[in-house]
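What follows is a single structure, written as structure tokens, with notes after it.
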Amino acid sequence: MTALGVSLLRGAVTSPFKRAGGPGATLPTGRAVLPAAPAAPAPLAAYRTLCGFTDPETLPLTYPHVLGFPLAMRLMTERSFPLPVLGLVHTWIEITAHRPPRPEDRLELTVYAAELTPHRRGTEVTMVTEARCAGETVWESRSGYLSRHAAAGGTAARSRGTTVRAGTPTVAAETAPPDAPAAGAGLPAVAEWRLPGDLGRRYGAVSGDRNPIHLHPLTARLFGFPRHLAHGMWTVARCLAEAETGSGPGTGTGTRPGTVAGTETGAKDRARIRSVRAEFKAPVLLPATVTYAAAGDAFLLRGGDRVHLTGTVVRER
């Protein structure tokens, strides 16, 4: 069993004994470290193909997060972690490449829990992943994971509180504003992708994330979903690959409305993406047909009228 598989099993065992939102909750101060090593060529090539990345000279912007995810899961399934890992919802991610990591770079990865924040729907934890090469921080990501639970009075939590950092007890929360409409909902369509039913299993094979909600309809139903889901990090990666190159992926089929064959802008004509902020709005049930829409620095992924993902990028100047 892989290290990530062990963490998932440990999370299934420990989650029932954890009570999210309890008074005095603290984050563990420990850090998980993956020793410096270059990316393994075969898994990297498979990841590029599945997500649509084409630049062989740099790592995909999302790839160090994939490499560090087993470390994050190890931390989030430890007994000292205050939230049950079962039911955690990945709500957002920010990634910044201070310089483009290369496949041959010997990256040392460090992962830690940075913040615990009361949220109007529960409690949100921020996990940080940092990649260093020869002591220099070249890449970092911050991800939010929401544990949904009722407030102390038995009603749905409706608050966003003062940030709680590792080792600090929780404090009283403030009232949060109501949900805002999805940003960028009117962006023009750029491409349509038909996602096959086995996409979750294929991404699980290249990323190591074999969470049962992504693998089969039967295992997804055990967690309350009508069908299995596409990985949120695949949707982010696929959108970034499209934003970088405008090329089709190695999965499913797609069309690019409004373009003529041979006229799409190639990777060499576009400034490299330095950072991205993405928010996960709704799961993608497989199989599915989704539309990638973008204009300027904003992008989104939607299925019909339902927005699954919104984001913005910053390009090198």
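Atoms considered below: every heavy atom in the structure, side chains included; atoms not considered: hydrogens, waters and symmetry mates. Bear in mind that the values here come from a model prediction, so they are computed numbers and not experimental data.
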Please report the shortest heavy-atom distance between [X] and [Y], naming the atom on each side.
X: Gly197; Y: Pro287; value: N-CB, 3.8 Å
X: Thr58; Y: Pro100; value: CG2-CB, 3.8 Å
X: Leu27; Y: Leu116; value: CD1-N, 3.6 Å
X: Arg106; Y: Ala36; value: NH2-O, 3.2 Å
X: Phe53; Y: Ala237; value: CZ-O, 3.3 Å
X: Ala294; Y: Val190; value: N-CG2, 3.7 Å

Are side-chain heavy atoms of [X] and [Y] found at a separation under 4.5 Å?
X: Ser143; Y: Ile93; value: yes
X: Leu301; Y: Thr291; value: no
X: Asp209; Y: Phe69; value: yes
X: Met233; Y: His65; value: yes
X: Thr312; Y: Val276; value: no
X: Pro82; Y: Ser147; value: no
X: Leu218; Y: Arg221; value: yes
X: Leu75; Y: Val111; value: yes

- Message: As a quick check of understanding, evaluate side-chain contact (heavy atoms from CB on, under 4.5 Å) for Phe81 and Thr77, giving each step before the final call.
- Response: CA-CA 7 Å; Phe81 192 78; Thr77 56; over 6 Å; no

Determine whether the side chains of [X] and [Y] contain a donor N or O and an acceptor N or O closer than 3.5 Å.
X: Glu136; Y: His98; result: no
X: Thr91; Y: Glu124; result: yes
X: Thr219; Y: His228; result: no

Are [X] and [Y] joined in one hydrophobic group, where the rule is that I, L, V, M, F, W and Y side chains link up if heavy atoms are under 4.5 Å apart?
X: Leu34; Y: Leu107; answer: yes
X: Leu222; Y: Leu229; answer: yes
X: Leu146; Y: Met127; answer: no
X: Leu83; Y: Val89; answer: no

- Go through Val33 and Leu109 one step at a time and tell me if the side-chain contact (heavy atoms from CB on, under 4.5 Å) criterion holds. CA-CA 6 Å; Val33 178; Leu109 298 176; over 6 Å; no

- Query: With ring centroids as reference points, do Phe280 and Trp92 lie under 6.0 angstrom apart?
  - Reply: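 Between Phe280 and Trp92, the centre distance exceeds or equals 6.0 Å.
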
First locate atom [atom1] of [X], then atom [atom2] of [Y], and finally report the distance between them rounded to the nearest 0.5 Å.
X: Leu215; Y: Leu199; atom1: CG; atom2: CG; answer: 11.0 Å
X: Leu61; Y: Cys51; atom1: CG; atom2: SG; answer: 12.0 Å
X: Leu240; Y: Thr245; atom1: CG; atom2: OG1; answer: 10.5 Å
X: Leu187; Y: Leu300; atom1: CG; atom2: CG; answer: 4.5 Å
X: Thr126; Y: Glu94; atom1: OG1; atom2: CD; answer: 9.0 Å
X: Glu140; Y: Ser275; atom1: CD; atom2: OG; answer: 10.5 Å

- Message: Show every ring pair (Phe, Tyr, Trp, His ring centres under 6.0 Å) that has at least one partner inside residues 206-225, sequence neighbours left out.
- Response: His214-His231

- Query: Aromatic rings Tyr203 and Tyr47: how do their planes relate, parallel, tilted or perpendicular, breaks at 30° and 60°?
  - Reply: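 It falls in the tilted class, 30° to 60°.
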
Basic-acidic side-chain contact under 4.0 Å: [X], [Y]:
X: Arg194; Y: Glu192; value: yes
X: Arg274; Y: Glu316; value: no
X: Arg48; Y: Asp55; value: no
X: Arg132; Y: Asp105; value: no

- Let me see the working for Thr110 and Thr129 under side-chain contact (heavy atoms from CB on, under 4.5 Å), right down to the final yes or no. CA-CA 6 Å; Thr110 302; Thr129 303; over 6 Å; no

- Message: Tell me whether Arg31 forms a cation-pi arrangement with Tyr112, defined as NZ or CZ under 6.0 Å from the six-membered ring centre and within 45 degrees of its axis.
- Response: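 Yes.
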
- Message: Before you tell me yes or no, could you show the steps for His149 and Thr123 under side chain to side chain donor-acceptor pair (under 3.5 Å), namely the whole-Å CA-CA distance, both residues' side-chain angles and the distance that decides it to 0.1 Å?
- Response: CA-CA 8 Å; His149 58 81; Thr123 303; 2.7 Å; yes

- Test side-chain contact (heavy atoms from CB on, under 4.5 Å) on Arg317 and Arg315 and set out the steps. CA-CA 6 Å; Arg317 298 182 181 276; Arg315 297 181 184 270; over 6 Å; no

- Counting distance only, does the side-chain N/O of Trp234 pair as donor-acceptor with the main-chain N or O of Gly204 below 3.5 Å? no

